[in-house]
Amino acid sequence: MSIKLAARVQQVTPSMTLAISAKAKAMKAEGLDVCSFSAGEPDFDTPAHIREAVKQALDSGKTRYGPAAGEPRLRSAIATKLRTDNQLPYNPENIIVTNGGKHSLYTLIMSTVEPGDEVLIPAPYWVSYPEMVKLAGGTPVIIPTTAENGYRITPEQLRQAITPKTKFLIFNSPSNPTGMVYSPDEVKALADVVLASNIWVVADEIYEKILYDGVEHLSMGAVSDAMFARTIVSNGFAKAYAMTGWRLGYLAGPLELIKAANTLQSQSTSNVCTFAQYGAIAALESSQDCVATMRQSFAKRRTAIVNLVNSIPGLSCVMPDGAFYLFIDISKTGLRSLDFCSRLLNEKYVAAIPGVAFGDDNGIRVSYATDMATIEQGMERLNDFVQQVA
Ligand SMILES: *Cc1c(COP(=O)(O)O)cnc(C)c1O
């Protein structure tokens with residue numbers, strides 16, 4: 001007899017990003033020469049001073065249960081970071097430490113979204129947003145964008161998408177999967193629309209530190225006091241500090257929300273791994289040189305991969321301003337993104353993620369958080385593949 005599953009999980013799609021990365025890893029383990037561009041994580045080790053801080057925390061007994069909302073020192077370090085880096089006047093009580101940025105969004109959505117609520121999600125979007133909204137019984141409302149407008153939504157599109165049922169807009173800049181960054185003026189123009197309505201903004205700022213060519217990131221909540229009062233921030237340590245496996249993120253928002261999230265967390269996960277939190281404290285309170293070093297590596301790879309992709313007849317891409325992804329337009333090849341990626345993996349041993357997973361079947365996502373040799377070899381194979389299907 002098989003167990004009857006809840007309707008809640010049956011309507012949720014498993015993460016295609018994780019599935020393809022796993023398949024590429026399995027092929028590699030079989031000895032196949034796979035070039036993988038599928039993983040959404042930095043290829044660097046966590047910086048030594050952060051690892052060292054955790055070793056010390058372990059040896060000094062930071063191995064017990066802690067407060068569900070996080071170690072007080074970490075909540076206070078995060079509040080300081082949000083004030084100084086982002087001009088967001090949060091206090092430590094406005095912060096809850098979570099098991100990664102993914103979990104902070106999940107906790108937030110579970111604390112706020114009810115059946116009937118609509119959540120605005122610009123596409124291409126991060127795979128988990130619509131699934132989490134569905135898990136909460138809400139309705140994801142997708143706002144499409146195109147390569148021509150740089151994958152940005154316009155204030156007019158936002159205005160038209162808002163209904164009396166809209167709860168919030170999920171605003172991810174820099175973006176996964178496109179690497180697009182809204183300029184400060186664009187952020188302000190969208191904030192005007194938000195303030196003329198009753199909706200909130202959830203700002204997923206996990207890539208805020210990975211920016212190129214002097215591009216500026218303005219936090220939505222830093223636009224004005226009124227906008228601050230309408231914004232919730234989700235962030236984490238995974239991308240900026242190469243700490244993906246640590247599972248450390250945080251949510252910042254109004255007290256009543258943080259209290260609700262704390263209640264939820266106290267009855268589900270409890271505190272995030274106590275000693276790991278000491279690594280996060282070290283990440284925030286030490287020199288930020290490691291972030292700059294990784295960013296410089298990403299910058300070199302970005303230039304290389306964009307040039308290679310744009311030299312392939314039939315493909316094109318918009319130069320990304322942030323994160324470590326490239327969204328390649330494959331519409332001229334005539335293939336659907338899923339066919340494109342499964343054939344590319346099976347025939348050329350190149351792993352990329354089909355755009356359909358992000359709500360845009362015209363593209364594929366490649367992550368350039370990998371070494372230059374893989375980038376060169378992989379783009380050569382991509383070229384072979386495209387010429388073969390043309
Ligand atoms: C990676 C990522 C996150 C959070 O990742 P965690 O590993 O859970 O901290 C959140 N949003 C986006 C868009 C991401 O790419």
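Atoms within a ligand are numbered from 1 in the order they appear, just like the ligands themselves. One-based numbering along the sequence shown.
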Q) Hey, what's the ring geometry for Y325 with Y207, parallel, tilted or perpendicular (30° and 60° as the breaks)? A) perpendicular

**Q.** Per-residue contact class, N99 against ligand 1 - non-hydrogen pairs under 4.0 Å
**A.** neither

Q. How many angstroms lie between atom CZ of R365 and atom CZ of F358, to the nearest 0.5 angstrom?
A. 4.0 Å

Q: May I ask you to identify the nearest protein heavy atom to atom 11 (N) of ligand 1, giving residue, atom name and distance to one decimal place in Å?
A: D204 OD2, 2.6 Å

Q: Identify the protein heavy atom lying closest to atom 7 (O) of ligand 1, giving its residue, its atom name and the separation to 0.1 Å.
A: R247 NH1, 2.7 Å

Q.
Taking CZ in F228 as the centre, count heavy atoms belonging to other residues, nucleotides or ligands within less than 6.0 Å. Is the count above 12?
A. yes

Q: Would you check whether G236 reaches within less than 4.0 Å of ligand 1, judged by its heavy atoms?
A: no

Q: Would you give the length of the straight line joining atom OG of S297 to atom CZ of R295, rounded to the nearest 0.5 angstrom?
A: 11.0 Å

(Q) Tell me the contacting part of Y207 for ligand 1: side chain, backbone, both, or neither, using a 4.0 Å heavy-atom threshold, strictly below. (A) side chain

Q: For ligand 1, find out whether one of its N or O atoms is nearer than 3.5 Å to an N or O atom of Y325.
A: no

Q. Roughly how far, to the nearest 0.5 Å, is the OG atom of S36 from the NZ atom of K28?
A. 5.5 Å

Q.
I want to confirm something. Looking only at heavy atoms, which of K102, K239, E205 is nearest to atom 2 (C) of ligand 1?
A. K239

Q: Identify the heavy atoms of T274 and E71 that sit nearest to each other, and give their distance.
A: CG2-OE2, 3.7 Å

Q) Which residue and non-hydrogen atom of the protein lie closest to atom 9 (O) of ligand 1, and at what distance in Å? A) G101 N, 2.7 Å

Q | For A238, atoms of ligand 1 separated by under 4.0 Å from a heavy atom | A | 7 (O), 9 (O)

(Q) Show the atoms of ligand 1 that are less than 4.0 angstrom away from any heavy atom in G100. (A) 8 (O), 9 (O)

Q) For ligand 1, does Y250 get within less than 4.0 Å through its side chain, its backbone, both, or neither, judged by non-hydrogen atoms? A) neither

**Q.** Note: D225-R230 ion pair, threshold 4.0 Å (strictly below)
**A.** no

Q.
Between D33 and K348, does any side-chain N to carboxylate O distance fall below 4.0 Å?
A. no

Q) Near Y129, which atoms of ligand 1 are under 4.0 Å from a heavy atom of that residue? A) 13 (C)

